Chemist: 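First the structure, then my questions, so here it is.
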Amino acid sequence: MHARIIGFFSFKGGVGKTTTVANLGAILARDFGKRTLVVDANLSGPTLGLHFGFAHPDYTLHDVLEGKVSIHKAIYEHPTGLHLLPASLLSRRVALHKFKQYLHELRPYYDIILVDAPPTVSEESIAALNSVDELFLITTPDYVALSSTLQAVQVAREKKIRISGLIMNKVRGKNYELSFDVLERDTKLPVVSVLYDDETILASLNKAQPAAFLKPRNDTVVEYKKLAAALIGEHYHDSRVGNWLGSLFRKGLSRDEVNRAIVMESHY
Ligand SMILES: Nc1ncnc2c1ncn2[C@@H]1O[C@H](COP(=O)(O)OP(=O)(O)OP(=O)(O)O)[C@@H](O)[C@H]1O
Ligand SMILES: [Mg+2]
């Protein structure tokens, strides 16, 4: 088995790329038992390690790209089985021409590799873009994030990299927000997850653990579980009582569920 390499991108900071990679990685490794690696490709502003309490690892992706250590030395195993390739918090400029090669050499060791991308249109994000098989874009429901998303769509399309879907994050359900329909219409991408602005996510970052570990039944975490399942061609059955009661009154699938099913079908 060779790992699929999936990137999580936005050309705007703070929309939730790192949070998404941390939670999906945690779920794929712990709940689905997949050999999962999460990679911090945000080399000038890395934060992925912080989601797992890893502030100053001995070796990082920076050391690997500088040729100081082999990539396996910079990969750490979390007690849940998740593997993490962090970058140095005190970042420095490194040559990126071998990034893709290093990442692709890891394929035989994993089922899935998730790449946390930088927020800028830069050499770093181009290196990350060139290394992934497909990507998801993350946006918040506002015009500033949408305009960055449109820029990212254009760059990914120029590079002929498959965009598998759009993740709407930090939704508050207010009528001034851009809707699911507007985001789909303007980006011409399927929205595969709608994640609400959720204090549990913020609180878990302060506890240096993904919400998926701390609050496995939290609504946002369950949305991440559904997306994680779709990435590996499985269905997630939400067995919470609230969902069971809700399903008695709900007609059919929600649109993001349909979109996830399509993403899943296109892979399996
Ligand atoms: N659904 C959510 N609800 C509430 N807070 C969230 C949610 N998703 C992310 N956050 C918070 O928003 C902040 C930015 O998230 P994150 O670091 O994942 O964004 P990012 O896109 O990776 O940012 P950067 O581009 O700077 O790397 C963090 O404090 C995180 O805890
Ligand atoms: Mg980030």
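Order of listing sets the numbers, starting from 1, for every ligand and every atom in it. The shown structure was predicted, so the numbers you read here are calculated from the model rather than taken from an experiment.
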Chemist: Would you check the N or O atoms of K170, main chain and side chain alike, for any that come under 3.5 Å of an N or O of ligand 1?
Modeler: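 Yes: some nitrogen or oxygen of K170 is under 3.5 Å from one in ligand 1.
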Chemist: So, R4 and D111, do they make that salt bridge, N to O below 4.0 Å?
Modeler: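 Salt bridge absent between R4 and D111.
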Chemist: Would you mind telling me if ligand 1 is within reach of the side chain of T19, the backbone, both or neither, using heavy atoms under 4.0 Å?
Modeler: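 It is both backbone and side chain that touch ligand 1.
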Chemist: What protein N/O/S atoms are there under 2.8 Å from the Mg ion (ligand 2), waters excluded?
Modeler: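 Within the sphere that stays under 2.8 Å of the Mg ion (ligand 2), the protein atoms of type N, O or S are T18 OG1.
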Chemist: Looking only at protein heavy atoms, which one is nearest to atom 5 (N) of ligand 1, and what is the separation?
Modeler: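 For atom 5 (N) of ligand 1, the nearest protein heavy atom comes out as L202 CG, 3.8 Å.
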Chemist: Identify which of N206, T18, T200 has a heavy atom lying nearest to atom 17 (O) of ligand 1.
Modeler: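 Closest candidate by heavy-atom distance is T18.
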Chemist: Verify the ring-centre separation between H97 and Y102: is it less than 6.0 angstrom?
Modeler: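 No - the distance between ring centres of Y102 and H97 does not fall below the 6.0 Å cut-off.
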Chemist: Contact between ligand 1 and S10 is defined here as a heavy atom of the residue under 4.0 Å from a ligand atom; is it met?
Modeler: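 Under 4.0 Å: no for S10.
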Chemist: For ligand 1 and G14, I'd like to know whether there is a polar contact (N/O to N/O, distance under 3.5 Å).
Modeler: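 Yes; the residue has a nitrogen or oxygen that sits under 3.5 Å from a nitrogen or oxygen of the ligand.
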Chemist: Report the part of N169 (side chain from C-beta onward, or backbone N, CA, C, O) that has a heavy atom under 4.0 Å from ligand 1; answer both or neither where that applies.
Modeler: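 It is the side chain that gets close, since no backbone atom is under 4.0 Å.
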Chemist: Parallel, tilted or perpendicular, judged at 30° and 60°: which one describes the rings of F8 and F136?
Modeler: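 Parallel.
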Chemist: Has ligand 1 got any nitrogen or oxygen that is less than 3.5 angstrom from a nitrogen or oxygen of P119?
Modeler: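 Looking only at distances, the answer is no, because the N/O contact criterion of under 3.5 Å is not met.
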Chemist: If the plane angle is over 60° it's perpendicular, under 30° parallel, otherwise tilted; pick one for F213 and H78.
Modeler: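 Geometry flag for H78 against F213: parallel rings.
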Chemist: Any idea which of M168, K12, E199, K17 brings a heavy atom closest to atom 21 (O) of ligand 1?
Modeler: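 The residue whose heavy atom sits nearest atom 21 (O) of ligand 1 is K17.
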Chemist: Does any N or O atom in V15 lie less than 3.5 angstrom from one in ligand 1, N or O only?
Modeler: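 Checking ligand 1 against V15, an N or O pair does fall under 3.5 Å apart.
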Chemist: Which one holds for N42 and ligand 1: side chain close, backbone close, both close, or neither close, with close meaning a heavy atom under 4.0 Å?
Modeler: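 Just the side chain.
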